[in-house]
Amino acid sequence: MTGYHPHIITDNGTMKIRQVVNSIFNSCTYVLSKDGHSWLVDCGDVECILPFVEGQLDGVMLTHSHFDHIYGLNRVVELFPGTSIYTNMAGLEGLKSDKLNFSRYHETPFVLDAVDNVKIVHDGERIPLFGGVEAIAYYTPGHSPCCVTWMVEDALFTGDSFIPGVKTVTNFPHSDKILALKSETFIKNLTKDHHVYPGHAPITEE
Ligand SMILES: [Zn+2]
């Protein structure tokens with residue numbers, strides 16, 4: 001159980017946002033909750049997020065379908081069978097292919113069992129999360145074609161499209177440097193009045 005740093009990031013009355021740093025690559029899962037309903041942004045280690053899932057887990061918003069951001073999904077769907085998983089078409093392809101999501105190059109190949117739970121989002125689409133709170137999906141390709149940045153109130157969940165202080169990784173087979181720069185510029189503009197919740201936490205000595 002090393003590497004877990006669950007903590008409340010914000011509890012602004014509208015919703016709670018909690019961050020869990022996962023055991024693989026320090027990727028981050030965020031738990032958003034309000035009034036007995038919860039949502040995840042990405043999904044890594046599962047047991048450590050369970051204490052923070054209030055009531056029903058309604059859905060998971062994926063920032064992209066690289067292995068380190070999705071590997072807990074089968075367990076989550078087992079625990080919460082009604083959970084919807086939101087991503088774009090490229091994201092769905094990654095969920096179905098251990099080659100595209102890179103898990104075949106790690107210890108445990110991963111593909112999503114519950115493909116029927118996936119809902120495809122379009123660029124700019126709004127997803128209702130809680131009463132009066134919605135998420136907006138913005139396609140931010142570059143790191144990967146499956147990258148989606150999620151805006152929820154004043155929070156921006158940027159995945160690996162924009163990690164403050166870290167150069168965006170664009171050396172994967174499906175990366176695109178030009179698109180990555182465009183997406184970064186788009187996100188940076190939004191950060192003027194939004195907080196960034198990135199896809200990885202800094203690696204810290206313990
Ligand atoms: Zn990634």
Side-chain angles (χ1 to χ4, degrees), residues 3-5 19-32 39-46 48-49 59-76 85-112 115 118 120-121 123 135 137-152 155-188 190-191 196-204:
Y4 302 138
H5 308 282
Q19 180 195 50
V20 171
V21 179
N22 295 305
S23 55
I24 296 185
F25 300 150
N26 272 25
S27 64
C28 296
T29 299
Y30 296 93
V31 186
L32 284 54
W39 284 74
L40 300 182
V41 176
D42 290 344
C43 184
D45 298 325
V46 174
C48 55
I49 61 168
V60 183
M61 296 171 266
L62 294 182
T63 64
H64 62 307
S65 56
H66 284 167
F67 172 58
D68 47 326
H69 298 265
I70 60 172
Y71 65 90
L73 283 174
N74 284 339
R75 176 76 179 129
V76 153
I85 299 161
Y86 290 84
T87 184
N88 64 11
M89 276 310 286
L92 174 60
E93 295 309 312
L95 290 170
K96 293 194 290 194
S97 159
D98 63 1
K99 185 178 178 201
L100 285 175
N101 68 40
F102 303 134
S103 61
R104 82 160 53 166
Y105 312 109
H106 296 277
E107 276 168 32
T108 329
F110 175 91
V111 289
L112 180 69
V115 175
V118 175
I120 301 299
V121 288
D123 189 26
Y138 290 112
Y139 284 15
T140 51
H143 172 71
S144 164
C146 57
C147 286
V148 176
T149 290
W150 294 92
M151 183 193 283
V152 185
L156 273 184
F157 299 93
T158 56
D160 293 0
S161 296
F162 177 66
I163 301 176
V166 177
K167 196 176 180 307
T168 303
V169 177
T170 54
N171 56 1
F172 290 122
H174 299 94
S175 296
D176 182 317
K177 275 195 175 91
I178 311 239
L179 283 180
L181 268 177
K182 245 179 108 177
S183 293
E184 264 185 60
T185 306
F186 172 76
I187 293 169
K188 275 185 191 156
L190 296 175
T191 59
V196 173
Y197 299 91
H200 290 266
I203 310 281
T204 47

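Atoms within a ligand are numbered from 1 in the order they appear, just like the ligands themselves. This one's a predicted model, so the numbers in the text were calculated from it and none came from an experiment.
Between H106 and F25, the distance separating the two ring centers is shorter than 6.0 angstrom. For W150 and Y30, the gap between ring centers reaches or exceeds 6.0 Å. In this structure, Y197 has its ring center under 6.0 Å from that of F157.
Distances from the Zn ion (ligand 1) show that H143 has an N/O/S atom below 2.8 Å. Under 2.8 Å from the Zn ion (ligand 1) lies no N/O/S atom of D68, from backbone or side chain alike. With a cut-off of 2.8 Å, the Zn ion (ligand 1) has no N, O or S atom of H69 in range.
Among F110, F102, Y105, the one residue that satisfies the ring pair (Phe, Tyr, Trp, His ring centres under 6.0 Å) test with H66 is F102.
Using cut-offs of 30° and 60° on the angle between ring planes, the pair H200 and H69 is perpendicular.
As for H66, its N/O/S atom nearest the Zn ion (ligand 1) is the one called ND1. With respect to the Zn ion (ligand 1), D160 has OD2 as its nearest N, O or S atom. Among the heteroatoms counted here (N, O or S) of H64, NE2 is the one nearest to the Zn ion (ligand 1).
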